[in-house]
Each structure stands twice: as C-alpha cells, then as structure tokens.
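Report on the following structure.
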Number of protein chains: 2
Amino acid sequence: MKATIYDIAKKAGVSIATVSRALGENRDKVKPETREKIYNICKELDYSPNSIAKYLAKKTTGSIGLVLPEIQGDFYTEIIKGVDEISYSGGYNLLVASSHSRRNIVESILGFMKESMVDGVVLMIPSMNKQIESILSKYQIPVVIISDMEGFDEYDKVSIDNYQGAYSITEYLIKTLGHTKIATICGPEENFDAQKRKKGYIDALKDAGLPIEKRWIVESDFTIKGGEIACSRLLSLKEKPDVIFAANDNMAAGCYNTANLLGYKIPEDLGVVGFDHVAFCDFLKPKLTTVHVQVSEIGRVSTNLLLERLSNKNKEDRPPKHLKISTGIIIGNSVIKKTTN
Amino acid sequence: MKATIYDIAKKAGVSIATVSRALGENRDKVKPETREKIYNICKELDYSPNSIAKYLAKKTTGSIGLVLPEIQGDFYTEIIKGVDEISYSGGYNLLVASSHSRRNIVESILGFMKESMVDGVVLMIPSMNKQIESILSKYQIPVVIISDMEGFDEYDKVSIDNYQGAYSITEYLIKTLGHTKIATICGPEENFDAQKRKKGYIDALKDAGLPIEKRWIVESDFTIKGGEIACSRLLSLKEKPDVIFAANDNMAAGCYNTANLLGYKIPEDLGVVGFDHVAFCDFLKPKLTTVHVQVSEIGRVSTNLLLERLSNKNKEDRPPKHLKISTGIIIGNSVIKKTTN
DNA sequence: CTCTGAAATGTAAGCGCTTACATTTCAAAT
DNA sequence: ATTTGAAATGTAAGCGCTTACATTTCAGAG
C-alpha cells in the first residue's frame, strides 16, 4: 500500500498538518529539524503526495491542457514540444488532447474543462467554430488561443505571422527574382492561416502593381494530394504561371509530384515555393524555397502567456496579449530568376 | 461557480447519494422517474461530475498513461494515435509523457506512478534501463511494455517483429535479387530493436551460406546524419558492398545523401533498403524499398492488452501475453537485381 | 388490515490532502 | 520569575464524490 501523509506523520510523531506544511509552500513555517526529519522519513517510505487529493483540497491541478485539431505531422509535434518544454520547466504537467475520427475538437476541450482536469488550456483553433466561443465563456479557466483569426480579442492569442510570411516570399519572387506570373494554391477557405497567407500573396502582388489573376488562385486542402490536383489544374491553364506559391509545404510537395508526372522540370519549367519549412523539405529535390516558421516557438510563447496568467491567479488581470511569431525565408533551388523569353 | 452534486440534489429534492447513483454505474437502483428528473436538472445546470473527486472516492482515475522515449517523428505519433484510439473507445483518457532534454524516461514514469494519476500505463522501453524494473515492481499498477527485449516476462509485452522483418528483407535481397555483398548499418548497440534487426540480418546471411563480413556491419544511431557517416564509411572500404540494409529509414535517407554527394547512383551503383516505412519515404527518389511496420497497430494492440487487464481488476489475472506485430516488405526502386559483372 | 421483503432513498464516513484557526512552545524582554 | 508575542505545531473542517449500511416506502401476500 502506498504511504499517505498519515503514515509519515505517525512515524515522525507530528500531525499531518506539519507534514503537509513541511512538504508544501510553507516549508519555512516548520522548524528546520522537524522538516529534516520529515524529509528523511518520506524518503525512507518512498512517499510522495497524492496529487489528486491535493487538487481536491487546493482546487488547482498543476496540469495544463493542450488541445490540437490533430496530432500527426511535424507541425503538431513541434507545437507539443514547445508547450511541453515550458510547462515542464514551470512545474506543470501537460495533457494533450486532439480531435480524431471519433472525437471532435469541441469534445476535446469539453473533456478538459468540464472535468476540471486542468488549470488552464492552450487551444489551437485552425478554423471557425461557433460552439467554441460559448464553451470558453462558460468555463472560466485561463485560455490561450493559437490562431490567426479575428475576434476572441479578450483572450491571449498567438500565431505565426502568416500574412507577413506570405507577403515576404511573394515579394521575394517579384523583386528579387523578377517574376510576374505567380500563382498560388491556397488552403481551405475557412482556415485562418490559409486566409492570411492568401491575403499576403494578394497584397504583395497589388503593391508591386501586378494584376490579381483569379484563375491563378486555386483553393486546396493543405494535403499532398490536394497539391497535386491543384497543380495540374494550374498547368492546364492556357496562360500558365511561372511560379506557384503553395500555401504549405505539403501542397508544394504535391506540385513536385505533378510536375514530375507531367514532365515539367523544377525550377527550369516551373518554380515552386512553400510555407512552413517542415522536416521533409530536406528530402525534396531540388530543395524547396519556403517560408520558415519556428513552430515550437509558437508552443513556447503561448505556454508562457498561460503560465503568466496562472501565476497571476488572484491579482489583477493584465490585458490580453496578441502575438505574432515572425517568419523567415529559406532559399532553396526550387525557383530561379525569371529568364526573359 | 460550477454546479456540484449538492446543487443537483437540492434542486431535485433528493439526497446526493441518489444523484450519484442515478449518474453512476447503479442507475438501475434509482426509480426511473427520479432518474429522469435528475438528468434534466443536470442538463439544465450543465453539471458534470468532477472526475478528480470521483477518483479520490473510487481510487480509479479513468486515465491511462503512455510513456515514450520521445515524441517527435512519425513513429511516435503513430503509436500515440493507436493508443489514443483504443483508450478513447474504452472510455479512458490518455496522458502522454515523453522524455526530453530535461526529463528522462524514468522521471516520466515516476510522475505517473507516484502521483497515482493513471490506472495503468503503456510503456515503451527502447533500451536497457536498470531503474525501470525496480520502479515497476514497486508500484503495482498494470503495465504493458512496448519493447523487443528479453526479460520483463511477467508483463504483457508488444513489439514489432524486428527479427522477422530484417530477416525477410535480407532474404529478399539474396534470394529474389541475387545479392551477396550486403552490408548493414545497424542502430545503437543498446537498442533492442537494433539488436533484433541485426540478428535477423546475420541469420539470413548465414542461412543462405554467405559469410558474415565484420567490416560490412557498422553501427550508427538511427539518425540521418548517422546514416550519412556510416554510408561514407562503407563506401570507402576497399571491398565495397553492393547493397546497404539500413536498420531504419532515417539512416537509409542518410545513405541517399552520401551516395548523392559521392557520385554513386541509387540503385545502379548502390542499393539501399530501410526499415519502418515512415511517411517521408514517399519523398525519396528513387522510392525506398523498406520493411513496413504497422506502427499504430502496436499502440492499438498494447492498449487493448492494458484495458483487458484493467477490466479484470479484481478477477484472477491471466498470464502475461507477449505479442509481435508482423511486418511486410514495401518494394521500391532503391535496389535492383544483381547484375553479373 | 397487517405483515414482509424488495425497491428506493437517505445518512454519514471516508478517500488524502490543505489551511484557517486554536493551542502550545520558547526565546527574549521586563 | 514573569510576561509577551512570534514561531511551531495541532485540530478539525472541508474539497466533491462513492458506497456500506440504515431507514423508509410500498406492492403484494396473508
């Protein structure tokens, strides 16, 4: 049987209150000698407090929750890694929930919230969901949102600077490489990241005085397959683009496949650029030019915000912060200077 | 303030015991009408039981823990996916812990065990660790081990059939493709999977009457970089192998890089085969011939064993099961029939 | 109409801890 | 020696639930 605080108290000849104090935040309120004695007995009996009983008494679990739309893929594990790192060093346990075929994101959140299993949650919302708002306002635990959406301004929000990333790489294609015929494969319409990336692309073209060609904007779904289909659509146009800006690396990889299949050489016949800089980029030949995102930084930053909130529990609340993680461009060989022909 | 069982009881004009019964496993011990009334009030007040208080009273958390050596990479997320799927459908929550720079695997296990946060754990042990054994025997909660190690026979164990996989692909190289000069890059010596894969390779050579060439067995660390180094080592030998069996796909990818760099064409100048069939294989050109492993199946199978144990809590224990997940060969274009030259 | 026992419900203890408040201890001040 | 108040410790309630046991209800038997 596992030792309880009573066992320790009895063996040390003190009350359980003293043991609790010696082990908790008020160590200094117990005499150093007794404290020492208690420590030794704890070690001897291999005692460690039951965290669940502790919760019931303190109303704080020492855990934070991370809710993701999905768990597979480098992107999400990087986020987890970032969150894990910070929560661990802040002394918190991390519970991860993700939606899957049999559980949607709302259920995941509710699981945490309703059963009061966590002190706070980091919540990634990739696209609009009406239910979420009402849930969040109902349960009053601290929440940090990872999303590039409008609204939810009363919460801390963190996201990649999608707009800036897309703008920069488009501008790079135009100004540095001299391209003018640039198409984009954007992500799902309801996806916030996709929206911002598309906007960055459009604004960069506009600012350069280039026309926005509707046919060169095709929507897809952030998957490789989706990229393949979208690419072949673009290549079948009468007026073909010279470069495709795929809104993520998966779809860029899809472009590689299609180009390969149809006999286009990258970068000579078709330039491709991506977004995310996920791990598999290293395996693409030629190396993909893409927007680098410090994904784990998103996790770290958002968790820091959450811990800030948690430690301020009873003090006055600071106003919500809205942070963007900046991006950079990774130059590969998947697109070259425009040749005048 | 969140509603408690008292709120429900008061509003329904019954005792908390009745509410508890109406909501728990003994629903049938409360009159249908009262039950109905209680349900409605719960819905109205948006009540759901505090699972932590429930634990304290019942001594069962409704959660299982998954302890991984790491969380990054397709391999681990596939495992998580498998475990998640089964635990979810069995009504359990899943807590995932992994070691990282600041927390080793033993700490991860202890976190779960000591604080009694989980009813059982699925534990992946990739290499020998003496502490683990004593920890496991100290805390008597059900454990399923994912590992291809000897020992721990009193626990349920699940693993990939590493030996069979390695044997098969080596045999395939010999018998089907006619190769005789086959080198291997094996994983870390202390890693159980690596040990078994190496043994499979050796036995297949032996059984075919081929000599075991010490210089053709080089140890590495399952990383891409490690594969690169090991490959250049093999290619610098006076007597070069025709094919390299890399003990995982990462190292196989490393071989691709090195071959590329040194001017060897795959598969003409050098054949490469891998193990795992992780997602990025699709991006390797030419497509990698490798051993397919149903990774998520490992998670599913082990979790099923655990749930079996948990549901049998008080009945007689069944003897431990030791299961191997079988493998298959994915034929790519990274190795071709031996040409007589 | 009373009796009986199963069904329905209530009472209260207990799960392992924290903590407000009460009590005791003890060194320093008088 | 006595007083005093901070320091150290103890007492006991309470966190939200489950459940053994006690009590009440009530349909059917006598």
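Chain letters run A, B, ... following the sequence lines, proteins first and then strands; every chain starts at 1. Everything numeric in this text was worked out from a predicted model, so none of it was measured.
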Can you name the nearest heavy-atom pair linking A:Pro142 to A:Leu310, along with the distance? CG-CD2, 3.7 Å
Between A:Lys157 and A:Met149, is there a donor-acceptor pair closer than 3.5 Å when you use the side chain of the first and the backbone of the second? yes
Can we say B:Asp148 and B:Lys324 salt-bridge, meaning some charged N sits less than 4.0 Å from an Asp/Glu carboxylate O? yes
Modelled atom types, side-chain donor and acceptor of B:Tyr55 and A:Asn50, under 3.5 Å: yes
Determine, for B:Lys58 against B:Asp119, whether the closest basic-nitrogen to carboxylate-oxygen distance falls under 4.0 angstrom. no
Any residue of residues 42-58 of chain B with a heavy atom less than 4.0 Å from an atom of DNA chain C: B:Leu56, B:Ala57
Taking NZ, NE, NH1 and NH2 as the nitrogens, is one of them in B:Lys81 or B:Glu297 under 4.0 Å from a carboxylate oxygen of the other? no
Polar side-chain atom of B:Arg300 near backbone of B:Asp84 as donor-acceptor pair, under 3.5 Å: no
Give the rounded distance in Å between these two atoms: NZ of A:Lys29 and P of D:dA7. 10 Å
Here the residues of residues 6-27 of chain A within 4.0 Å heavy-atom distance, strictly under, of DNA chain C are A:Tyr6, A:Ile16, A:Ala17, A:Ser20, A:Arg21
Between C:dT9 (C1') and B:Asp28 (CG): distance, integer Å: 14 Å
Rounded to the nearest Å, what distance is computed from the CD atom of residue A:Glu33 to the P atom of nucleotide C:dT25? 16 Å
Figure out the CD1/C1' separation between B:Ile5 and D:dG14, and round it to whole Å. 16 Å
Under 3.5 Å: donor-acceptor pair, side chain of B:His322, backbone of B:Val158: no
